[in-house]
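Hydrogens, waters and symmetry mates play no part in the numbers below; they use all other heavy atoms, side chains included.
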Amino acid sequence: MCTVAVSFEPSSPVPLLVLAVRDELLVRPWEPPAEHWPRHPGVLGGIDLVAGGTWLAVDPAARRAGFVLNGRGRLAPEHGRRSRGDLPLLAAAGLPVPDDLGAFDPFYLIAADLGGAVMVGWDGETRTETALPQGYTVIVNSGDDPAEPRAAHLLAALRAVPRPHPAAGWGAWPALAAGEGIDREDPRALILRHTFGDDLRYGSSSVTLLAIGPDLVRYDFASVPDEPGPVALTRVV
């Protein structure tokens, strides 16, 4: 996953809202959210069929979620390398991130619940841990980087519209999640499409809108269509 926007407002009836977009090689197979992992009963998420993990996991009963983005830095040794897709499952299940992260390629992991969100960063050498502030934070592959064009544009767009009341609907957020009509190769674009070589395509494969409150969990998901246009959100919870 390459973009995650978190809105944390502790005084709101629904303190935690998330807009998340996964970017990946489009030939990499996956399946939509379900309870895919017997070792983590109750945890929902889309499954990556190559490594068996996920980019975003939610435990509705526990009001917890975890999402991971690829980071930048030194790659893990090929022998013994672990999938970063295990990390959101640990976060959603309330389990700690391993102390030794040397088997993982660089990442940013956001673990969120009703008390807020914490971001663990790993660049292959140094681990960081940061509590996300109140208000909006947009995380991309360079972390909490408000000067990055996509992050800067999305942050401004989120602040320009009312914060949704997800019990009633998502307001302007589905239009933002669909890319606002911005060309998919524009550096500001939330929804991406790039072609490398003859036909190796990379881009945005799915969109998630997530709300967590004491009386509400709402999890909506959509695959990204090949052609620009609205995304067809399906409610998971």
Side-chain angles (χ1 to χ4, degrees), residues 1-22 33 43-45 54-69 71 87-97 107-122 127-148 150-177 190 207-221 233 235-237:
M1 178 175 296
C2 287
T3 307
V4 175
V6 178
S7 171
F8 179 56
E9 297 291 349
S11 62
S12 169
V14 186
L16 187 71
L17 302 182
V18 175
L19 187 163
V21 176
R22 183 193 187 210
V43 172
L44 302 170
T54 190
W55 53 97
L56 187 151
V58 182
D59 185 334
R63 302 313 200 248
R64 281 193 303 260
F67 6 100
V68 71
L69 300 85
L87 298 170
L89 296 170
L90 296 176
L95 300 172
V97 173
F107 66 82
Y108 291 99
L109 173 72
I110 298 94
D113 58 22
L114 292 175
V118 174
M119 181 171 71
V120 175
W122 170 247
R127 171 181 174 148
T128 60
E129 189 165 320
T130 308
L132 300 188
Q134 293 184 32
Y136 288 106
T137 306
V138 176
I139 301 102
V140 290
N141 296 118
S142 49
D144 177 6
D145 183 2
E148 193 272 342
R150 182 170 16 173
H153 179 82
L154 181 57
L155 195 56
L158 289 166
R159 288 171 174 166
V161 298
R163 190 177 191 266
H165 299 283
W170 286 107
W173 279 29
L176 298 182
L190 180 63
V207 168
T208 296
L209 301 181
L210 175 67
I212 297 179
D215 303 312
L216 173 75
V217 174
R218 180 165 183 170
Y219 177 6
D220 289 58
F221 179 86
L233 289 162
R235 187 160 181 176
V236 180
V237 176

Fill in the blank from the handout: Rounded to the nearest 0.5 Å, the OG1 atom of T208 sits from the CG atom of L233 at a distance of 9.0 Å
Exercise for the section: Could you list all the salt bridge (Lys or Arg N to Asp or Glu O under 4.0 Å) pairs where at least one residue sits in residues 150-170, not counting sequence neighbours? Expected result: D23-R150
Exercise for the section: Determine whether L132 and I139 make a side-chain contact, defined as any pair of heavy atoms from C-beta on separated by less than 4.5 Å. Expected result: yes
Completion exercise
Heavy-atom nearest pair, P10 first then P15, reads CA-CB, 4.1 Å
Problem - pair L69-W55: side-chain heavy atoms closer than 4.5 Å - result: no
Practice task
Working to the nearest 0.5 Å, report the span between CG of L216 and NE2 of H165.
Solution key: 12.5 Å
Handout entry: V120 vs F107 side-chain heavy atoms within contact, under 4.5 Å
Key = yes
Completion exercise
On a heavy-atom basis, the closest approach of V4 and A20 is CG2-CB, 4.1 Å
Handout entry: Residues in side chain to side chain contact (heavy atoms under 4.5 Å, CB included) contact with P162, at least two apart in sequence or another chain
Key = none
Exercise for the section: Provide the closest heavy-atom pair for L114 versus F8 in the form atom of the first, atom of the second, distance. Expected result: O-CE1, 3.7 Å
Practice task
Report yes if some heavy atom in the side chain of M119 is under 4.5 Å from a heavy atom in the side chain of I110; otherwise report no.
Solution key: yes
Completion exercise
Applying salt bridge (Lys or Arg N to Asp or Glu O under 4.0 Å) to D144 and not counting sequence neighbours gives none
Problem - Chi angles and distances behind the side-chain contact (heavy atoms from CB on, under 4.5 Å) call for T3, V138 - result: CA-CA 7 Å; T3 307; V138 176; 4.1 Å; yes
Handout entry: F67 vs V6 side-chain heavy atoms within contact, under 4.5 Å
Key = yes
Exercise for the section: Please name all residues satisfying salt bridge (Lys or Arg N to Asp or Glu O under 4.0 Å) with E9, sequence neighbours left out, ordered by chain then number. Expected result: none
Problem - Test item: L56 and P88 side chains (from C-beta on) under 4.5 Å apart, heavy atoms - result: no
Practice task
Would you check if P13 and D215 make a side-chain contact, meaning some heavy-atom pair closer than 4.5 Å?
Solution key: no
Handout entry: Least distance between heavy atoms, D145 atom then A151 atom
Key = O-CB, 3.4 Å
Exercise for the section: Supply the atom-to-atom distance L16 CG to R64 CZ, rounded to the nearest 0.5 angstrom. Expected result: 13.0 Å
Fill in the blank from the handout: Exactly one of L155, L17, L19 clears side chain to side chain contact (heavy atoms under 4.5 Å, CB included) with Y136, and that residue is L155
Problem - Pair N141-Y108, side-chain contact (heavy atoms from CB on, under 4.5 Å): steps then yes or no - result: CA-CA 8 Å; N141 296 118; Y108 291 99; over 6 Å; no
Handout entry: V97 side chain reached by L90 side chain, heavy atoms, under 4.5 Å
Key = no
Practice task
Report the residues that fulfil side chain to side chain contact (heavy atoms under 4.5 Å, CB included) with V237, sequence neighbours left out, ordered by chain and then residue number.
Solution key: L44, P60, V217, Y219
Fill in the blank from the handout: For G169 and P164 the tightest heavy-atom approach is O-CB, 4.0 Å
Fill in the blank from the handout: Heavy atoms of V43 and A92 approach each other most closely as CG1-CB, 4.1 Å
Handout entry: Interatomic distance, L176 atom CG to L190 atom CG [nearest 0.5 angstrom]
Key = 8.0 Å
Practice task
Output all residues satisfying side chain to side chain contact (heavy atoms under 4.5 Å, CB included) with A152, sequence neighbours left out; order by chain, then residue number.
Solution key: none
